[in-house]
Amino acid sequence: MPGFACKFLEKPKRRLLCPLCAKAMREPVRVSTCGHRFCDTCLQEFLSEGVFKCPEDQLPLDYAKIYPDPELEAQVLSLTIRCIHSEEGCRWIGTIRHLQAHLGSCSFNVVSCPNRCGSKLSRRDLPPHLQHDCPQRHLKCEFCGADFTGEAFETHQGACPQESVYCENKCGARMMRRLLPQHTLTECPKRTQPCSHCAKEFLFDTIQSHELQCPRYPVPCPNQCGVPSVAREDLGGHLKENCTTALALCPFKEAGCKHRCPKLSMGRHLDESTKLHLGLVCGLVSRQRQELAELRREVEELAVGSQGVLIWKISDYARKLQEAKARGNYESFSPPFYTHRYGYKLQASAFLNGNGSGEGTHLSLYIRVLPGQYDNLLEWPFAHRVTFSLLDQSDPSLSKPQHITETFLPDPNWKNFQKPGSGHTSLDESLLGFGYPKFISHEDIRKRNYVRDNAVFIKASVEIPQKILA
């Protein structure tokens with residue numbers, strides 16, 4: 001660079017500064033014709049543009065009349081300066097003549113890495129660079145002793161076959177890395193290994209205890225039927241289905257046959273015991289029929305209401321009324337209901353075309369007492385108030401419903417309110433109900449919505465004193 005970009009302790013005299021770069025002259029030359037002085041480099045750059053005139057007075061120049069000026073150069077080199085790295089911390093002070101020698105040892109001067117890695121850094125940063133960072137530094141592996149450059153050593157670290165490492169399965173063993181694959185494959189007690197029977201993976205030190213309970217472990221048939229081995233989990237099925245020497249119960253065991261023999265002999269037993277088995281099956285069918293009847297009766301009892309109120313819907317009213325007119329004295333029966341839990345069992349009946357004095361003109365309603373489950377616990381005769389209602393199905397928001405209601409207290413002398421016999425049913429003529437032959441006339445039924453959507457609703461309720469419910 002033309003001139004010296006130095007930090008002078010005091011400003012140089014004007015004659016020592018190059019007019020072209022305004023810096024202390026470096027290798028000064030003098031133009032003999034006019035006496036002006038310049039840095040040799042600055043003047044060469046100026047003349048390279050094709051203008052051969054003195055930069056100071058514009059007089060023509062002749063290369064032959066430009067000479068070095070050693071006296072001026074000696075004066076410049078004797079100027080006192082600070083190091084060019086003074087702002088970075090260097091405290092050197094000396095003459096320009098000694099600057100290059102100082103820069104050769106200045107710790108702040110930038111130098112190239114001697115390993116030719118391409119890095120440029122201050123001389124004081126060079127030692128840590130050579131020791132830790134230079135990719136071309138020379139290193140020796142402490143395990144295998146091989147020499148590496150810094151870049152290659154980083155790759156070698158963590159992969160040296162001679163380095164001592166712990167087993168990755170955490171079994172506690174330590175060995176050279178080159179021996180680790182063989183250890184992991186055949187020696188490590190914590191390596192995984194598939195069970196030879198069920199193929200599931202287990203740690204090597206637990207696989208033996210697994211085999212003691214492995215569901216696919218082969219075991220011999222305890223009956224010594226000839227099958228060499230059966231998987232442990234299949235043994236039960238083998239003994240039940242396939243083992244020819246296992247004892248088996250007769251297929252008619254549910255019917256009562258207690259015979260037990262090997263499966264191979266079962267066919268002979270069945271052939272010889274046909275008559276016995278037939279008798280046992282007939283007995284079983286008879287018992288099951290009796291049980292079904294009992295279950296059916298219990299289900300029917302559970303379906304019976306036990307709140308002392310019956311709401312009986314008679315659907316398809318028009319057809320049933322015509323049927324009653326055609327058949328004469330035709331009676332319809334409601335579902336039975338209990339007066340209360342563990343109470344009297346009752347049933348309502350209706351003659352849609354009337355009965356007795358109401359035949360052909362009225363709807364007749366009656367109540368009857370049926371044999372119940374708890375009759376032996378109740379007081380007799382039945383003597384509790386009964387209320388019948390024909391429910392008005394008119395919209396309550398349009399008009400107040402006008403139900404037809406009648407109430408009576410049973411006559412204790414009436415035979416049908418005595419304790420019923422256990423063999424009676426709802427169709428026994430001896431159980432004719434007590435009620436109203438002329439409950440409501442056919443004409444009055446049509447006056448309001450007692451019949452709606454071809455159905456009527458009849459309500460029967462029984463008033464039970466509190467003492468009976470206790």
Side-chain angles (χ1 to χ4, degrees), residues 254 282-315 320 329-352 355 363-391 405-437 439 455-470:
E254 298 296 335
C282 290
L284 177 62
V285 170
S286 177
R287 292 193 299 273
Q288 290 178 340
R289 183 183 292 113
Q290 186 176 359
E291 290 174 1
L292 286 173
E294 181 65 21
L295 289 173
R296 187 179 292 108
R297 185 190 62 77
E298 291 179 2
V299 169
E300 290 175 353
E301 287 295 325
L302 290 174
V304 174
S306 60
Q307 303 299 321
V309 177
L310 168 70
I311 302 294
W312 178 21
K313 180 181 181 181
I314 302 178
S315 305
K320 291 178 179 178
N329 220 24
Y330 179 71
E331 187 176 14
S332 299
F333 296 96
S334 75
F337 68 103
Y338 279 96
T339 59
H340 58 288
R341 192 176 184 185
Y342 315 120
Y344 301 93
K345 188 176 183 181
L346 306 178
Q347 184 179 47
S349 67
F351 291 85
L352 299 184
N355 169 257
L363 167 67
S364 303
L365 290 180
Y366 300 92
I367 195 77
R368 65 181 62 204
V369 180
L370 300 180
Q373 292 289 311
Y374 316 104
D375 289 349
N376 291 337
L377 305 177
L378 302 173
E379 296 180 358
W380 296 97
F382 175 79
H384 304 288
R385 192 181 304 276
V386 178
T387 299
F388 280 123
S389 297
L390 177 63
L391 302 183
T405 301
E406 296 288 350
T407 301
F408 72 89
L409 189 65
D411 184 350
N413 297 318
W414 187 268
K415 65 177 182 178
N416 297 92
F417 292 127
Q418 307 301 317
K419 181 179 179 180
S422 60
H424 291 170
T425 66
S426 59
L427 298 179
D428 287 343
E429 292 183 359
S430 62
L431 290 177
L432 287 175
F434 185 91
Y436 300 93
F439 185 77
V456 296
F457 286 89
I458 296 172
K459 178 180 178 181
S461 59
V462 180
E463 182 181 327
I464 303 296
Q466 191 64 32
K467 67 176 183 177
I468 249 185
L469 300 175

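Worth saying up front: this structure is predicted, and the values here are computed from it rather than measured.
A 6.0 Å sphere centred on CD of E254 holds no more than 12 heavy atoms belonging to other residues, nucleotides or ligands. Dense packing is recorded around NZ of K320, with more than 12 heavy atoms of other residues, nucleotides or ligands lying under 6.0 Å away. Heavy atoms from other residues, nucleotides or ligands lying under 6.0 Å from OH of Y342 number 12 at most. Within a 6.0 Å radius of CD in Q290, other residues, nucleotides and ligands contribute 12 heavy atoms or fewer.
F439 has its side chain out of reach of I458: every pair of non-hydrogen atoms, C-beta onward, lies at least 4.5 Å apart. Counting only heavy atoms from C-beta outward, the side chains of F337 and P335 never approach each other to under 4.5 Å. A heavy-atom distance below 4.5 Å is not found between the side chains of R368 and N416. For the pair V386/T407, no side-chain contact is recorded, criterion being any heavy-atom separation below 4.5 Å from C-beta on. At least one side-chain heavy atom of Y344 sits less than 4.5 Å from a side-chain heavy atom of E379. Contact of the L310 side chain with the S334 side chain is registered, since non-hydrogen atoms from C-beta on lie closer than 4.5 Å. Y338 is listed as a side-chain neighbour of Q373, based on a closest heavy-atom distance under 4.5 Å.
For A455 against S315, the heavy-atom pair with the smallest separation is CB-CA, 4.1 Å. Of all heavy-atom pairs spanning I314 and A350, the tightest one is CD1-CB, 4.4 Å. Counting all heavy atoms, side chain and backbone alike, N355 lies closest to Y366 at OD1-OH, 2.8 Å. Here the closest non-hydrogen pair linking R385 and L409 is N-CD1, 3.7 Å. Contact between S389 and T405 at its shortest, heavy atoms only, is OG-OG1, 3.0 Å. Of all heavy-atom pairs between K345 and P336, the closest is CE-CB, 3.7 Å.
Distance alone, capped at 3.5 Å, places no donor-acceptor pair between the S349 side chain and the E331 backbone. Q418 contributes a side-chain N or O that, together with a main-chain N or O of P412, makes up a donor-acceptor pair within less than 3.5 Å. Side chain of S364 to main chain of P437: a donor-acceptor pair is present (N/O by atom type, distance under 3.5 Å, no hydrogens or angles).
Distance check, rounded to the nearest 0.5 Å: CG of L346 to NE2 of H384 gives 9.5 Å. The distance from atom CD1 of I311 to atom CG of L391, rounded to the nearest 0.5 Å, is 5.5 Å. Rounding to the nearest 0.5 Å places CG of D375 at 9.5 Å from CG of L370. Taking CG of L284 as the reference point, atom CD of E291 lies at 8.5 Å (rounded to 0.5 Å).
Across F388, F382, F417, a single residue satisfies ring-ring contact (aromatic ring centres under 6.0 Å, His included) together with F434, and that is F417.
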